[in-house]
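Report on the structure given below.
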Amino acid sequence: MQAIVFYLVLPFIYFISILPFWILYGISDIMYLFLYYILRYRREVVFQNLRNSFPDKSPEELQKISKKFYSYLCDLTLESLKKLTMTRKQTLKHCKFHDTSLFKKLHSENRSIILLMGHYGNWEWAGSTFTLETDYQLYVIYKPLSNIYWENLMVKTRTMFGTKLIKVNNTLRDMINNKNSLSATAFIADQTPFPENAYWTKFLNQDTPIFTGAEKISKKLNYPIVFINIIRTKRGYYEIFAELLEQEPKNMAENEISERFINRLEKEIIKKPEIWLWSHRRWKHKRKDVPIS
């Protein structure tokens with residue numbers, strides 16, 4: 001049954017992917033009306049997340065952000081499908097680096113690096129752009145899908161132009177195996193970890209468990225940490241900014257890297273909240289859920 005559904009849907013996905021951008025965003029506008037007003041997809045989750053994160057904003061202001069988020073979510077979904085057939089030229093036109101000098105410097109110093117980013121902006125397009133515009137071999141940490149057909153399609157999409165993937169359970173092993181070559185390993189580090197294995201801190205005015213795997217690996221391998229910020233300059237166009245968070249992670253105090261990352265990400269979310277993934281149940285765990293040892 002999974003195969004039947006997949007192959008029935010696949011031609012539609014490719015049809016969407018080959019459409020011109022102006023038609024794609026017209027479909028996105030219609031999709032937004034359906035998702036927000038009819039399906040009402042996770043509206044309570046989104047509004048609760050926004051209300052807790054911005055307690056000083058009025059209901060009207062929160063609703064405005066919420067609508068902008070749903071509009072962007074539709075854009076992001078269709079942009080991710082568009083990636084299936086985007087050329088090198090299209091990719092670099094729609095998503096570009098502000099400056100790659102940091103990567104050139106670290107590469108010349110023979111340093112492999114770790115990239116930390118959040119679900120902010122179009123992280124899918126950013127992966128392709130990084131592979132095309134830097135000398136590093138990019139590895140992206142990901143969690144495999146249970147459906148093998150959708151898994152294969154996702155892998156195909158994300159490995160375009162030479163990006164490689166590492167399954168989350170194999171992260172440290174594969175990174176050690178790759179030590180003899182210069183690499184950049186990307187972690188989307190604002191996901192929800194198991195609360196008992198997390199570092200707890202304040203993020204967007206809430207007690208939040210933070211994923212610490214990237215920090216632990218960076219300290220073990222002493223790979224410089226680079227924060228990746230993806231700004232949407234206008235509809236369908238993004239600019240990527242890179243910022244060195246730490247040159248020598250082995251010298252950092254415990255949880256300091258995680259704290260720096262989440263604080264840096266928070267600043268960007270506050271600037272332009274609608275392009276962060278508010279529909280994610282980011283605060284489903286509470287500090288009281290952590291068992292007392």
Side-chain angles (χ1 to χ4, degrees), residues 1-55 57-86 94 118-126 142-154 156-158 188 190-192 204 206 208 230 232 234-238 269 272-285:
M1 180 58 72
Q2 287 184 345
I4 293 173
V5 172
F6 174 78
Y7 286 112
L8 285 174
V9 174
L10 189 61
F12 175 75
I13 291 175
Y14 271 94
F15 173 73
I16 291 291
S17 183
I18 63 175
L19 291 174
F21 281 96
W22 67 273
I23 296 180
L24 197 75
Y25 290 121
I27 294 173
S28 180
D29 290 339
I30 297 171
M31 185 176 164
Y32 157 71
L33 296 175
F34 176 78
L35 195 69
Y36 186 81
Y37 289 103
I38 299 175
L39 189 60
R40 301 175 66 88
Y41 172 71
R42 291 194 176 184
R43 276 181 54 168
E44 292 183 6
V45 172
V46 170
F47 199 81
Q48 183 67 43
N49 284 343
L50 287 170
R51 183 167 52 197
N52 291 342
S53 298
F54 303 108
K57 292 188 181 296
S58 68
E60 292 75 20
E61 289 175 304
L62 296 176
Q63 186 179 50
K64 185 177 181 180
I65 296 172
S66 175
K67 288 182 176 180
K68 284 185 176 181
F69 161 70
Y70 277 97
S71 178
Y72 178 67
L73 180 63
C74 293
D75 281 2
L76 180 64
T77 300
L78 295 181
E79 286 171 0
S80 298
L81 297 182
K82 181 68 177 174
K83 183 180 177 181
L84 274 168
T85 57
M86 285 177 69
H94 287 268
H119 287 94
Y120 188 77
N122 193 325
W123 57 89
E124 296 288 354
W125 284 7
Y142 86 109
K143 183 177 181 180
L145 302 176
S146 58
N147 185 310
I148 187 62
Y149 303 100
W150 293 110
E151 162 75 2
N152 290 339
L153 182 64
M154 181 192 70
K156 178 182 178 180
T157 304
R158 289 183 172 176
I188 299 183
D190 61 347
Q191 303 186 60
T192 306
L204 292 170
Q206 298 165 80
T208 307
I230 307 165
R232 184 168 73 154
K234 61 180 179 179
R235 195 175 198 183
Y237 290 85
Y238 299 86
I269 294 171
K272 201 167 188 177
E274 65 267 20
I275 64 171
W276 192 58
L277 196 60
W278 293 100
S279 55
H280 179 49
R281 298 181 188 275
R282 184 62 183 86
W283 291 280
K284 62 184 177 182
H285 299 303

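Along the sequence shown, residues carry numbers from 1. Computed from a predicted structure; not experimentally measured.
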Approximate separation, where rounding is to 0.5 Å, of [X] [atom1] and [Y] [atom2]:
X	Y	atom1	atom2	answer
Leu204	Asp190	CG	CG	10.0 Å
Thr77	Leu73	OG1	CG	4.5 Å
Leu277	Ile275	CG	CD1	11.5 Å

Pair Thr192-His280, side chain to side chain donor-acceptor pair (under 3.5 Å): steps then yes or no: CA-CA 9 Å; Thr192 306; His280 179 49; 3.2 Å; yes

List the atom of [X], the atom of [Y], and the distance in Å for their closest heavy-atom pair.
X	Y	answer
Cys74	Leu35	SG-CD2, 3.9 Å
Glu274	Ile65	CB-O, 4.2 Å
Val46	Ser66	CG1-OG, 3.9 Å
Ser17	Thr85	OG-OG1, 2.6 Å

Any donor-acceptor pair under 3.5 Å from Ser28 side chain to Leu24 backbone: no

Main-chain N/O of Leu84 paired with Thr157 side-chain donor or acceptor, under 3.5 Å: no

For a 4.5 angstrom cut-off between non-hydrogen side-chain atoms, does [X] reach [Y]?
X	Y	answer
Ser71	Phe69	no
Leu153	Ile13	yes
Arg282	Trp276	yes
Phe34	Ile30	no

side-chain contact (heavy atoms from CB on, under 4.5 Å) partners for Tyr37, two or more places apart: Tyr32, Leu33, Lys67

By side-chain contact (heavy atoms from CB on, under 4.5 Å) - contacts of Glu124 (at least two apart): Ser80, Lys83, Asn122, Arg158

ring-ring contact (aromatic ring centres under 6.0 Å, His included) partner of Tyr238, chosen from Trp125, Trp123, Tyr120: Trp125

Salt-bridge criterion met for Arg235 and Asp75 (N-O under 4.0 Å): yes

Neighbour count >12 (heavy atoms, 6.0 Å) for atom CZ, Phe47: yes

Heavy atoms from other residues, nucleotides or ligands near NZ of Lys68 exceed 12 (cutoff 6.0 Å): no

Ring pair (Phe, Tyr, Trp, His ring centres under 6.0 Å) contacts touching residues 11-31 (sequence neighbours left out): Phe21-His94

Partners meeting side chain to side chain donor-acceptor pair (under 3.5 Å) with Arg51 (sequence neighbours left out): Gln48

Residue list, side chain to side chain donor-acceptor pair (under 3.5 Å) with Glu44, at least two apart or on another chain: none

Ring pair (Phe, Tyr, Trp, His ring centres under 6.0 Å) partners for Phe54, two or more places apart: Trp278

